[in-house]
Amino acid sequence: MDNIEDVCSYYYKCEVNICPLDPGIADRNYISGEKVCRKILDYLEGKPTKLDEQIRKTEHIWKAKYGKKLEARLNSRMQIREAFRKAV
């Protein structure tokens with residue numbers, strides 16, 4: 001894998017518990033209220049990221065751990081983007 005900061009500039013300062021770059025992702029749990037990985041949200045929106053390969057490899061894990069919270073966070077993110085588009 002490339003230098004981790006070249007792949008994800010947030011990695012060393014990130015606060016998410018479920019990270020597709022974490023080799024121990026299967027051992028982590030999501031607790032309601034925790035942050036959701038920005039790169040996973042970008043991936044779900046169809047935006048290409050440098051993490052796409054790793055996100056695809058771990059998709060079954062993070063989808064199971066985030067559950068419906070991921071869908072709600074994605075919907076919220078898309079609503080905010082739409083509101084900004086209308087305001088401009």
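Worth knowing before you read on, the calculation uses all heavy atoms, side chains too, and leaves out hydrogens, waters and symmetry mates. Because the structure is predicted, anything quoted here is derived from the model rather than measured.
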Let me check something: do Ile80 and Leu44 share a hydrophobic cluster, defined by ILVMFWY side-chain heavy atoms less than 4.5 Å apart, either directly or through other members? no
Check the hydrophobic clustering (I, L, V, M, F, W, Y; side-chain heavy atoms under 4.5 Å; chains of links allowed) and say if Leu21 and Tyr12 are grouped together. yes
With sequence neighbours excluded, residues passing side chain to side chain contact (heavy atoms under 4.5 Å, CB included) with Lys68: none
Interatomic distance, SG@Cys19 vs CG@Leu51, rounded to 0.5 Å, equals 7.0 Å
Let's go through Tyr10 and Val16 carefully: what are the C-alpha distance in whole Å and the side-chain angles of both, what is the deciding distance for side chain to side chain contact (heavy atoms under 4.5 Å, CB included) to 0.1 Å, and is it a yes or a no? CA-CA 10 Å; Tyr10 305 107; Val16 301; over 6 Å; no
So, do Glu71 and Tyr66 sit near enough that their side-chain heavy atoms are less than 4.5 Å apart? no
Kindly say whether Cys8 contributes a backbone atom to a donor-acceptor pair with the side chain of Lys39 at under 3.5 angstrom? no
Residues in side chain to side chain contact (heavy atoms under 4.5 Å, CB included) with Gln79, at least two apart? none
So, using salt bridge (Lys or Arg N to Asp or Glu O under 4.0 Å) as the criterion, who are the partners of Asp52 when residues are at least two apart? none
If the condition is salt bridge (Lys or Arg N to Asp or Glu O under 4.0 Å), which residues does Glu45 pass it with, not counting sequence neighbours? Arg77, Arg81
Non-neighbouring partners of Lys57 that pass salt bridge (Lys or Arg N to Asp or Glu O under 4.0 Å), sequence neighbours left out: Glu53
Enter the distance from Arg73:CZ to Leu41:CG here, rounded to the nearest 0.5 Å. 5.5 Å
If you count heavy atoms of other groups shown closer than 6.0 angstrom to NZ of Lys47, is the number above 12? yes
Search all heavy atoms of Lys65 against all heavy atoms of Tyr30 and return the closest pair with its distance. O-CB, 3.6 Å
Treating Thr58 as the side-chain partner and Gln54 as the backbone partner, does any N or O pair qualify as donor plus acceptor under 3.5 Å? yes
What residues form a salt bridge (Lys or Arg N to Asp or Glu O under 4.0 Å) with Lys35, not counting sequence neighbours? Glu15
Would you say that Ile40 contacts Pro20 through its side chain, given a criterion of any heavy-atom pair below 4.5 Å between the two side chains? yes
Reported OG1-to-OH distance for the pair Thr49 and Tyr43, which is rounded to 0.5 angstrom: 9.0 Å
Once rounded to the nearest 0.5 Å, what's the spacing between atom CG of Leu74 and atom CG of Asp42? 10.0 Å
Test your reading of the model: is there a side-chain donor-acceptor pair from Asn17 to the backbone of Asn29, 3.5 Å cut-off? yes
Is Lys50 reaching over with its side chain to a backbone N or O of Asp6, donor-acceptor style, under 3.5 angstrom? yes
